[in-house]
2 protein chains.
Amino acid sequence: MPATGVPAAPAGQPLAQHTGYLLIKLGEVTLAIAERALAPLNLRARHFNVMTMVAADITLSQQDLSGQLGLDPTIMVALVDDLERRGFLRRERSQKDRRRYVLQLTPAGQRTLQRALTVIEEAESKLLAPLNSHEAGLLQELAGRLLAPHWPPRHT
Amino acid sequence: MPATGVPAAPAGQPLAQHTGYLLIKLGEVTLAIAERALAPLNLRARHFNVMTMVAADITLSQQDLSGQLGLDPTIMVALVDDLERRGFLRRERSQKDRRRYVLQLTPAGQRTLQRALTVIEEAESKLLAPLNSHEAGLLQELAGRLLAPHWPPRHT
DNA sequence: TATTGTTATACTCTATAACTATA
DNA sequence: TATAGTTATAGAGTATAACAATA
């Protein structure tokens, strides 16, 4: 095509032809939905992520969590502070390495995580409603394949 | 499952089972890739989006653009200021409604958009490399279907 | 010396409200 | 009165650097 012109694009939504644009906007929409679903529990999506990780693996330090979730360690401090202040988890010094914390959900934290999981799965199911179960599984698989080479991100 | 406990999850990546989490992180990764690809042109992804929209439809006002791109109108002002200052587009008052601006790419803007399009498509192709062409088309279609009910977002 | 967690702080980003000019 | 665009500014969110405790 000539250097003097840009090809005419369909007026409707020229950006919708870019898969990348769709993925970015879909990510934003999905995050907004998750935040709205968790708001009644006074939780942010990050709280849910941290609690889910801690519930699955007690041996994770705060910096392990930062790395796996792609958050700055200083943000993790504030997040864990908040969850601890609200009685959802406890910090205990690791016996093997007393610089590290071992994080552990309290019973209240486990109950809250369970409720959060319920609303998250409900929201997710609404978001995925336009897809049949085969398509939903396919999307899950494709997204996972695309993400794998880039996650966790190397912190700048 | 009992209220006193949360089901044991695979330690590897408990969040990866949530499609929503994958979509959010994939969106973040995709945006980061786009920003990195455009950085040598001194453009942000938003610049590219605005220029693409303006190239496709000259009749869009700044608030039309804000709405379609999901950005606050005040952010659009700064964006258009920047593009105008760099000689990539011009503001002209609409004849039909002199409150509105009609935005128009300059020849330099068209050339820059063309170069931006090249690097964006290159980056997109790298991102999608793990998929064959059928899968890539499928992802495009599924993402579009999921996004449609939620876009553009109703500004809070 | 290096690492975990922490604090203080500066920086970016965004949204809010108030204004003007046009309608 | 309402709308398009603008400005100033406050608020949220983030990252940077420096520090204490431990390895």
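Chain letters run A, B, ... following the sequence lines, proteins first and then strands; every chain starts at 1.
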#### Entry: Remaining members of the apolar cluster that contains B:Ile24, side-chain heavy atoms under 4.5 Å
A:Leu31
### Message
B:Phe48: which residues meet the ring pair (Phe, Tyr, Trp, His ring centres under 6.0 Å) condition with it, sequence neighbours left out?
### Response
A:His18
### Task
Classify every nucleotide of nucleotides 18-23 of chain D by which part a protein heavy atom approaches to under 4.0 Å, writing B for the base, S for the sugar-phosphate alone and - for neither, in 5'-to-3' order.
---BBS
### Query
Would you say B:His47's side chain and B:Arg44's backbone share a donor-acceptor pair under 3.5 angstrom?
yes
### Message
So if I take residues 20-29 of chain B and measure heavy-atom distances to DNA chain D, which residues fall below 4.0 Å?
### Response
none
### Approximate separation, where rounding is to 0.5 Å, of A:Arg86 CZ and A:Asn42 CG
5.5 Å
### Query
Which pairs, with at least one residue in residues 129-141 of chain A and sequence neighbours excluded, count as a salt bridge (Lys or Arg N to Asp or Glu O under 4.0 Å)?
A:Glu135-B:Arg145, A:Glu141-A:Arg145
### Task
Using atom CD of B:Glu92 as one end and atom C1' of D:dA4 as the other, report the distance to the nearest whole Å.
17 Å
### Query
Which one of A:Leu79, A:Asn49, A:Thr52 satisfies the side chain to side chain contact (heavy atoms under 4.5 Å, CB included) criterion with A:Leu69?
A:Asn49
### Query
Once you round it to whole Å, what is the distance between P of C:dG5 and CG of A:Leu71?
14 Å
### Euclidean distance, atom CG of residue A:Leu31 to atom P of D:dA12 [Å, nearest integer]
18 Å
### Query
Could you state the CD-P distance from B:Glu35 to C:dT12, rounded to the nearest angstrom?
15 Å
### Task
Treat each ILVMFWY residue as a node, draw an edge where side-chain heavy atoms are under 4.5 Å apart, and state whether B:Trp151 and B:Met76 are in one component.
yes
### Message
Once salt bridge (Lys or Arg N to Asp or Glu O under 4.0 Å) is applied, what residue pairs with a partner in residues 22-32 of chain B remain, sequence neighbours excluded?
### Response
B:Lys25-B:Glu28
### Message
Between C1' on D:dG5 and CG on B:Asp81, what's the gap in Å once rounded to a whole number?
### Response
10 Å
### Closest heavy-atom pair and its distance - B:Met51, B:Gly109
CE-O, 3.2 Å
### Task
Name all pairs fulfilling the salt bridge (Lys or Arg N to Asp or Glu O under 4.0 Å) condition that reach into residues 60-75 of chain B, sequence neighbours left out, sorted by first residue then second.
B:Asp64-B:Arg100
### Task
Applying side chain to side chain contact (heavy atoms under 4.5 Å, CB included), name anything that partners B:Arg98, two or more places apart in sequence or on another chain.
B:Arg93, B:Gln95
### Query
In residues 59-67 of chain B, which residues come under 4.0 Å of DNA chain D by heavy atom?
B:Ser61, B:Gln62, B:Gln63
### Task
Tell me whether A:Val54 is reachable from A:Leu117 by hopping between hydrophobic residues (I, L, V, M, F, W, Y) whose side-chain heavy atoms are closer than 4.5 Å.
yes
#### Entry: Options D:dT6, C:dA15, C:dT6, nucleotide nearest the side-chain atoms of B:Arg91
D:dT6
### Query
A:Glu92: what forms a side-chain hydrogen bond (donor to acceptor under 3.5 Å, both in side chains) with it, not counting sequence neighbours?
none
### Query
How many Å lie between CG on A:Leu103 and C1' on C:dG5, as a whole number?
11 Å
### Partners passing side-chain hydrogen bond (donor to acceptor under 3.5 Å, both in side chains) against B:Thr19 (at least two apart in sequence or in another chain)
A:Gln140
### Proximity to DNA chain C (any heavy atom under 4.0 Å), residues of residues 40-50 of chain B only
B:Arg44, B:Arg46
#### Entry: d(CD1, A:Ile75; C1', C:dT6) in whole Å
14 Å
### Task
Starting at atom CG of A:Asp72, determine the distance to atom C1' of C:dA10, rounded to an integer number of angstrom.
14 Å
